Amino acid sequence: MKQPITKFGAAIQKERHKRNLSQRDVARATKISSPYMNQMEVSDYAPDPFYVVRVAEFFGIESARWLKLALPEQFKLWSEALRDRDAAG
């Protein structure tokens with residue numbers, strides 16, 4: 001089995017292991033394909049934010065925390081945009 005190469009992948013693996021779940025178990029429960037679930041855990045590509053949120057919710061993790069882990073550059077841009085919007089309002 002490949003090891004996670006990102007903080008996000010390591011976080012998924014840690015939560016799975018705490019619950020004694022396989023990638024396939026999580027994939028089924030979140031309605032994400034097994035290959036995509038594997039990619040989120042062991043790849044360094046940017047996952048779809050929708051799936052990051054879906055997996056975070058499955059584990060009971062705050063979505064923003066995992067979005068920041070999975071997509072740090074995009075998360076920074078989103079945060080800045082929201083801060084600017086709030087400051088203008």
Side-chain angles (χ1 to χ4, degrees):
M1 178 171 91
K2 284 184 161 183
Q3 292 299 310
I5 58 174
T6 66
K7 290 179 182 179
F8 176 61
I12 294 173
Q13 188 177 74
K14 178 183 173 185
E15 292 301 321
R16 278 195 315 100
H17 288 174
K18 279 191 337 189
R19 293 162 174 81
N20 198 30
L21 297 171
S22 68
Q23 284 181 349
R24 181 171 282 154
D25 294 333
V26 177
R28 277 191 207 124
T30 57
K31 295 182 173 56
I32 296 172
S33 74
S34 290
Y36 196 90
M37 190 70 229
N38 180 65
Q39 287 294 317
M40 287 201 305
E41 192 170 308
V42 300
S43 178
D44 65 349
Y45 82 105
D48 185 307
F50 178 77
Y51 294 124
V52 173
V53 169
R54 191 181 284 181
V55 174
E57 288 175 348
F58 170 75
F59 286 124
I61 306 290
E62 183 184 354
S63 299
R65 190 169 136 219
W66 272 18
L67 285 166
K68 187 175 183 179
L69 276 178
L71 305 161
E73 292 176 25
Q74 293 91 327
F75 187 83
K76 182 179 176 188
L77 292 173
W78 297 328
S79 297
E80 290 170 359
L82 290 172
R83 203 171 21 252
D84 292 347
R85 182 200 68 189
D86 292 344

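Nothing fancy with the numbering, it's 1 onward along the sequence. Note that the coordinates shown come from a computational prediction; the quantities given were computed from them, not determined experimentally.
Going from atom NZ of K68 over to atom NZ of K7 covers 9.5 Å, rounded to the nearest 0.5 Å. Within the model, atoms CD1 of I61 and CD of E57 stand 11.5 Å from one another, a figure rounded to the nearest 0.5 Å. Considering CZ of R54 and CD1 of I32, their distance stands at 5.5 Å, rounded to 0.5 Å. Here H17 contributes atom NE2 and S22 contributes atom OG; the two are 9.5 Å apart, rounded to the nearest 0.5 Å.
Judged as a side chain to side chain contact (heavy atoms under 4.5 Å, CB included), and not counting sequence neighbours, the contacts of L21 are R19, D25, V26, F58, F59. Looking at residues two or more places apart in sequence or on another chain, you find a side-chain hydrogen bond (donor to acceptor under 3.5 Å, both in side chains) between Q39 and S43. With sequence neighbours left out, the side chain to side chain contact (heavy atoms under 4.5 Å, CB included) criterion links P72 to no other residue. Every residue was checked against the side chain to side chain contact (heavy atoms under 4.5 Å, CB included) condition with E73, not counting sequence neighbours, and none meets it. Residues satisfying the side-chain hydrogen bond (donor to acceptor under 3.5 Å, both in side chains) criterion with K31, sequence neighbours excluded, are absent altogether.
Scanning all heavy atoms of the two residues, the minimum distance from A56 to S63 falls at CB-CA, 4.0 Å. Closest approach of P49 to W78, counting heavy atoms only: CG-CH2, 4.0 Å. Contact detail for T30 and V55: the closest heavy-atom pair is CG2-CA, 4.3 Å. L71 and A46 make their closest contact through CD2-CB, 3.5 Å (heavy atoms, listed as atom of the first residue, atom of the second, distance). The heavy-atom pair separating Q23 from M37 by the smallest distance is O-CG, 3.6 Å.
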Taking distance alone, no hydrogens or angles, what donor-acceptor pairs closer than 3.5 Å link side-chain atoms of residues 81-89 to residues at least two apart or in another chain?
none

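The only member of W66, F75, Y51, Y45 that meets ring pair (Phe, Tyr, Trp, His ring centres under 6.0 Å) when paired with F8 is W66.
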